[in-house]
Amino acid sequence: MISMSPVRPGAGVRYLFRGVMVGDGHRAVGTSLRDAQDEAGVPPGVWKGRGLAALGLKAGDVVTERQAELLLGEGRHPDADRIERELLAQGESPARARRATVLGRPIEHNQSAETDKAKERTPWLAFDLVFRPPPTAHVAWALMDETHRRVLELCDGIARDKTLAWIEESVAEIRWKAGGKERGRVKDGLVVAVFRHYESRATESRPLLHSHAVVSVRARRPHDGKWGNLSADSLMTHIVAADSLYTLLFMEEVTARLGWAWEPREVTPGRRPVMDIAGIDRRLIGWQSTRRQQIEDALSVITAQYEERQGHEPGEKAGYALACQAADQTRSPKRTELLSLTELRTRWRESAIRAFGACTVYRLAERARAAAAAVWARVRPVVDVALAAVDVVAVVYVMRGAFADHHLLAEARRHLSYVLRGRRHEPGLDERIVQTVLDDYTRPVGGGRRMTADLRALYPSDTEDQAVLRPLTRRRTATQYERARLAADALAARVHAVRRAERLGSRPRPYAVAVPAASRSRPRPFRDGRKDGRVLEPETGVDTVDRTRQTLEAAAAQVAATLQDSRRAREAAHGLRPQPTPATAPQPHTQQPGTQPAPGRTTGGVT
């Protein structure tokens with residue numbers, strides 16, 4: 001998950017230096033940045049981004065306090081002190097020497113009488129992007145051994161850096177001229193300061209592996225190389241697509257290095273599911289996310305008040321605003337006690353053992369491996385671009401009506417996360433899915449960059465077909481996401497029917513097969529009734545694997561006995577000498593985690 005907040009002069013800069021840069025802890029007055037980081041047990045921040053070369057910095061260099069003050073707090077060159085001294089020695093005036101160190105427009109201009117817009121009086125100096133892995137990754141990182149901890153931190157760092165590179169190459173825009181009328185890609189790249197944290201800000205400390213990527217708003221224009229400001233709305237527009245990319249990349253890194261698989265879990269009934277590591281005890285999610293539970297309790301009250309006041313349930317934007325309001329209301333003071341990561345992990349493990357027992361904690365890795373073997377035995381991680389395009393456009397159309405390409409890109413990445421379960425996807429596959437949607441299933445609307453689904457391309461004008469699919473896009477008792485999934489499943493079933501008919505040689509009119517109203521291409525969700533959410537598939541764990549193995553062994557033994565009796569009967573009928581029974585039967589083949597399953601009837605993947 002990725003969240004975004006601005007860094008502004010005043011309170012925003014103070015929070016950056018007193019909280020973000022020292023692990024969200026408490027920094028005493030007069031304590032240096034490095035000493036405060038050592039006391040809090042967090043590593044120092046490092047510089048990232050291709051824009052560092054224009055400032056004389058290198059990727060991986062430690063972020064010093066003075067560099068952060070100059071660049072992130074004042075919008076000046078991180079080596080401004082040296083530059084200013086050299087210019088003063090050459091005879092320049094103090095005002096001109098200071099102005100030479102400013103990157104772009106000085107922040108003093110925004111506070112002058114010439115500025116008539118209120119929002120320009122408190123300009124953005126940076127964007128604080130917070131990267132958080134899925135909940136079960138926090139549990140595994142906190143409670144497993146040191147090797148697993150380091151691997152998960154490595155996976156988080158790789159996924160975060162690749163996501164920042166995508167933002168740098170495909171999203172970041174710089175604006176210039178009055179009102180930012182002119183926009184273009186940045187000349188060099190972004191300048192980012194990354195700070196890693198280990199715990200949440202709940203009253204009782206809980207594990208929360210996350211990183212603050214503070215992106216400087218200063219960047220160079222593509223045509224003249226002068227410094228200007230990044231476009232905030234461009235980054236905010238693509239933040240959901242970046243979020244889905246980070247989750248997809250993190251899942252792939254974890255699966256490639258540890259062999260684990262992922263399963264969908266519905267946190268809120270009727271809403272979009274999240275992907276969790278298969279085999280992790282779901283009780284530990286509630287133990288880890290005490291802060292989330294506080295927010296959800298407050299959010300239910302705020303949402304009920306909103307529905308009573310407005311007369312309808314909140315949409316996507318209103319729901320996000322209400323969630324932010326609930327987070328602000330439940331924000332607790334920071335913990336003042338300073339502990340190292342080793343001390344924190346020891347405390348977390350003891351707390352989990354007291355709550356759920358030593359067997360639950362110490363067998364986490366073993367159960368994750370067993371669950372992964374069961375997932376790969378029933379799921380074929382194969383992507384069908386045509387079916388993926390139909391699924392993406394149906395979900396986005398029902399959820400939004402009119403949409404843009406970044407909405408399709410985010411949904412395409414969510415589709416890959418669900419289908420592949422952590423297997424690596426071909427580079428550019430998400431963009432191929434989006435391009436297929438744009439080419440075949442959309443039409444422009446509103447005269448701008450917005451578009452909507454081309455229903456005539458998705459299904460013909462047959463009365464029967466429209467009667468099935470059109471009601472799925474209207475307001476019903478089901479939630480919006482449930483209606484989106486119904487529409488996507490109905491369209492996918494029709495595509496399968498068309499392909500089946502073409503294989504059989506009947507050759508009907510393309511895309512003209514009516515879908516029965518009761519047909520479903522996926523089984524109904526499995527509900528477990530627990531408060532922490534319901535899984536969309538039966539949970540895979542050690543018990544499930546053992547039951548499956550015992551069932552298969554019993555069936556194999558029964559078949560063997562039947563065959564033995566039949567062979568003896570034939571031998572007796574023909575007067576043949578009975579053969580001795582072998583002492584031991586061959587053991588059934590067990591598939592190892594991470595191997596490709598044999599072709600056959602599977603679920604999850606699309607073939």
Side-chain angles (χ1 to χ4, degrees), residues 1 134 240 243-244 247 262-276 282 296 299-300 303-304 306-307 310-320 322-323 387-403 407-408 410-419 421 437 441 452-453 455 458-459 465-496 515-539 603-606:
M1 177 180 177
V240 178
D243 175 24
S244 58
T247 303
W262 297 77
E263 289 182 321
R265 177 176 63 93
E266 191 177 59
V267 179
T268 304
R271 298 296 179 89
R272 199 183 302 274
V274 299
M275 300 302 293
D276 283 337
R282 299 184 185 277
E296 289 180 352
L299 181 60
S300 62
T303 303
Y306 177 91
E307 293 177 352
Q310 301 293 336
H312 59 83
E313 63 180 12
E316 187 173 355
K317 290 185 178 179
Y320 179 77
L322 294 178
L387 287 175
V390 169
D391 185 276
V392 167
V393 71
V395 172
V396 175
Y397 171 65
V398 177
M399 295 289 289
R400 308 192 66 89
F403 47 84
H407 298 120
L408 298 173
E411 189 61 36
R413 289 166 176 171
R414 294 191 187 104
H415 179 85
L416 293 177
S417 299
Y418 174 78
V419 171
R421 306 300 178 91
V437 174
Y441 302 122
T452 189
L455 300 182
L458 284 171
Y459 57 89
D465 210 17
Q466 290 185 15
V468 173
L469 296 180
R470 279 193 184 279
L472 299 177
T473 63
R474 297 173 182 169
R475 183 179 180 86
R476 305 174 71 185
T477 55
T479 64
Q480 197 173 26
Y481 182 71
E482 288 176 335
R483 286 184 282 118
R485 289 276 15 123
L486 286 172
D489 292 345
L491 289 171
R494 188 179 57 78
V495 172
H496 280 298
V515 181
S519 67
R520 293 177 60 89
S521 62
R522 297 181 186 176
R524 290 188 176 275
F526 172 80
R527 299 176 182 269
D528 62 358
R530 286 179 285 195
K531 186 177 180 180
D532 61 344
R534 59 187 177 91
V535 293
L536 302 185
E537 298 174 349
E539 182 178 355
T603 62
V606 183

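Treat the numbers as computed from the prediction; the structure is a model and nothing was measured.
- For Thr303, the side-chain contact (heavy atoms from CB on, under 4.5 Å) partners at least two apart in sequence or on another chain are Leu299, Glu307, Pro314, Leu322.
- With sequence neighbours left out, the salt bridge (Lys or Arg N to Asp or Glu O under 4.0 Å) criterion links Asp243 to no other residue.
- Within the 4.5 Å cutoff, the side chain of Met275 has heavy atoms near those of the Pro264 side chain.
- Qualifying side-chain contact (heavy atoms from CB on, under 4.5 Å) partners for Val396, counting only residues two or more places apart in sequence or in other chains: Val392, Arg400, Phe403, His407, Leu408, Glu411.
- In terms of heavy-atom proximity, Ala394 sits nearest to Ala487 at CB-C, 4.3 Å.
- Nearest heavy-atom pair, Val240 versus Ala410, reported as atom, atom and distance to 0.1 Å: CG1-CB, 4.0 Å.
- Thr452 places no side-chain N or O within donor-acceptor distance of the main-chain N or O of Ala402, the cut-off being under 3.5 Å.
- Taking every heavy atom of both residues into account, Ala453 and Val393 meet most closely at CB-CG2, 4.1 Å.
- Taken to the nearest 0.5 Å, the CZ atom of Arg421 stands 6.5 Å off from the CD atom of Glu263.
- The two atoms that bring Glu266 and Pro269 nearest to each other are OE1-CA, 3.5 Å, heavy atoms only.
- Expressed to the nearest 0.5 Å, how far OH of Tyr397 lies from CG of Leu491 amounts to 11.0 Å.
- For the pair Met1 and Thr247, the minimum side-chain heavy-atom distance is 4.5 Å or more.
- Contact of the Asp276 side chain with the Arg282 side chain is registered, since non-hydrogen atoms from C-beta on lie closer than 4.5 Å.
- The ring pair (Phe, Tyr, Trp, His ring centres under 6.0 Å) search around Tyr481 returns none, not counting sequence neighbours.
- Between His415 and Leu387 there is no side-chain heavy-atom pair separated by less than 4.5 Å.
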Steps toward side-chain contact (heavy atoms from CB on, under 4.5 Å) verdict (Arg414, Asp391): CA-CA 11 Å; Arg414 294 191 187 104; Asp391 185 276; over 6 Å; no
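- Counting only heavy atoms from C-beta outward, the side chains of Val395 and Gln480 never approach each other to under 4.5 Å.
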